[in-house]
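Working notes, beginning with the structure itself.
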Amino acid sequence: MGRLIIVSNRVPVPEKGGIAPAGGLAVALKVALEEHGGIWMGWSGKSSGEHEPQALAQLRQGNITYALTDLTDTDVEEYYHGFANRVLWPICHYRLDLAEYGRKEMAGYFRVNRFFARKLAPLVKPDDVIWVHDYHLIPLAAELRQMGLKNRIGFFLHIPWPPADVLFTMPVHEEIMRGLSHYDVVGFQTDHDLENFAGCLRREGIGDELGEGRFSAYGRIFKGGTYAIGIETAAFAEFAKKAATNKTVKRTRESIGYRSLIIGVDRLDYSKGITQRIDAFERFILANPAQHGHVTYLQITPKSRSEVPEYEAMQRMVAEQAGRVNGALGAVDWVPIRYINRSLGRHILAGLYRLSKVGLVTPLRDGMNLVAKEYVAAQDPDDPGVLLLSRFAGAARELNGALLVNPYDVEGAAIAIARALSMPPKERKERWKMMMDHLLEHDVTRWCQDFLDDLTGRTDRPG
Ligand SMILES: O=P(O)(O)OC[C@H]1O[C@H](O[C@H]2O[C@H](CO)[C@@H](O)[C@H](O)[C@H]2O)[C@H](O)[C@@H](O)[C@@H]1O
Ligand SMILES: O=c1ccn([C@@H]2O[C@H](COP(=O)(O)OP(=O)(O)O)[C@@H](O)[C@H]2O)c(=O)[nH]1
């Protein structure tokens, strides 16, 4: 294969000194880029006001070029906050009630994709392989094809793909489906997402399944496959072991004392089920008076997409809820919920996961959920904690050793918390080992390789 070109809305630009930002995806894709040489292109995260953005800013690190573009205020509003995060995000997370359709935002989304294509096309050589990531950039391949590019182009969706009845409530679903048909490989996180996608093709006679993971639609043939994203399991387990000496982790351990720690780590997003989770924790404490003063629930929740009204409302709601529960249940020497609104470094997170007897990962819907995988990788093999995992997270298709919960069933989740806290060591170890073995084999490097093998035709993996 020629060079690899990655395109994603956000680009993990290396910090000073060439150090890649922490994060499995950044690490795995950087390794693939280094191997083949290549370009990682995307939005700089900055606005150029109302002026047309200048030429791409290019930063070269070894044989990788990071190419970044600013967007205008209008672009950011219509493409990112508007269509990507107020239409595609809620629809793909089954929240029809939260989708806000505006003609301006839809037009802005397609316009920014055309703009990305115009910026990218001059950099592409005929044998380059292009890998596009996530819902912000679905129409990119169609735009590149329109400009005459014949390269292999793959697409990976990090979030869920909904069933036809949900997708078709979106006015431009036809353009979105047509956009996907211009890729050579369309990758999803789970078999459920792929089934939903096939169902969407069938429903309106848009396309057919040809067998062996191949689909035909809109006069094109492409592969649809599942590629569950992993983490850098072995490295993460190492950070967690070493993190015992980290100052923040040590102070947390001291402040928790004899209490059992329960941890939740999520962007402040309505898809993560944070309010239902706090309800479940409250229900658990009320139903188990012996646990009063003996459990601390640490919820780390960095703010996210705060310019989008639904996210802003959520920030107020969760803060009020945590305050109410602490006020109602706490004692002078016990705060039941420690609610943190800041982002923590992954080394610290790794240490905190390891201190926690229970990892609460209860999204209402999630493409994968890497926190679930990180929690498992961080555990002490001799005394592992228990993962409580929503059946609606992509990770639930793989992590058979977790206690699966329905996050909408608050009482059921409260009972599961009690079960996790009293689980015998033998059962904890068996469950953990099953999950860890899987995560070691299916790590992020394997995910990257599997996708690129299919995209470049190096293997003929069945879908
Ligand atoms: O870029 P933001 O708008 O600040 O949002 C952060 C990222 O959120 C989403 O993450 C998803 O990808 C994870 C890795 O595959 C997956 O585990 C998780 O379930 C998804 O929600 C989004 O898809 C990314 O594009 C965003 O950058
Ligand atoms: O304070 C924080 C909270 C989260 N994360 C990281 O953010 C990612 C969240 O990924 P996930 O798939 O769970 O959810 P997403 O936010 O992508 O929807 C994980 O790697 C976390 O370790 C982090 O570095 N600091």
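Remember, predicted model here, so these are calculated numbers, not experimental data. All ligand and atom numbering here is 1-based and tracks the order in the structure.
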Y227-F451 aromatic ring centre distance below 6.0 Å: yes
Charged N-O contact under 4.0 Å between R10 and D134: no
Test of proximity, N9 against ligand 1: N or O pairs below 3.5 Å: no
Which of the ligand 2 atoms, numbered from 1, are nearer than 4.0 Å to a heavy atom of R267: 15 (P), 16 (O), 18 (O)
Note: D70-K46 ion pair, threshold 4.0 Å (strictly below): no
Proximity of R267 to ligand 1 by residue part, where a heavy atom lies under 4.0 Å: side chain
Which of the ligand 1 atoms, numbered from 1, are nearer than 4.0 Å to a heavy atom of D366: 18 (C), 19 (O), 21 (O)
Ligand 1 to I229 polar contact by distance, N or O atoms, under 3.5 Å: no
Short N or O distance, W89 and ligand 1, threshold 3.5 Å exclusive: no
H158 N/O under 3.5 Å from ligand 1 N/O: yes
Mode of N369 contact toward ligand 1 - side chain, backbone, both, neither (heavy atoms, under 4.0 Å): backbone
Numbered atoms and elements of ligand 2 in range of R346, under 4.0 angstrom, heavy atoms: 20 (O), 22 (O), 24 (O)
W89 six-ring face occupied by R305 cation (under 6.0 Å, within 45°): yes
Expected output: side-chain W432 to main-chain V376 donor-acceptor under 3.5 Å: yes
P302-ligand 2 polar pair, N/O distance under 3.5 Å: no
Heavy atom of H133, distance to ligand 1 below 4.0 Å: no
Heavy atom of the protein closest to atom 22 (C) of ligand 1 (residue, atom name, distance): D134 OD2, 3.3 Å
Shortest reach to atom 8 (O) of ligand 1 by a heavy atom, considering only M368, R305, K272, K373: R305
Whether H136 and Y79 hold their rings parallel, tilted or perpendicular, with breakpoints at 30° and 60°: tilted
Proximity of W43 and F116 rings by center, below 6.0 Å: no
Ring centres under 6.0 angstrom apart (Y270, Y311): yes
Sub-4.0 Å protein heavy atom near atom 10 (O) of ligand 1: no
Ligand 1 N/O within reach of Q189 N/O, cut-off under 3.5 Å: yes
Polar atom proximity, N85 to ligand 1 (N or O, under 3.5 Å): no
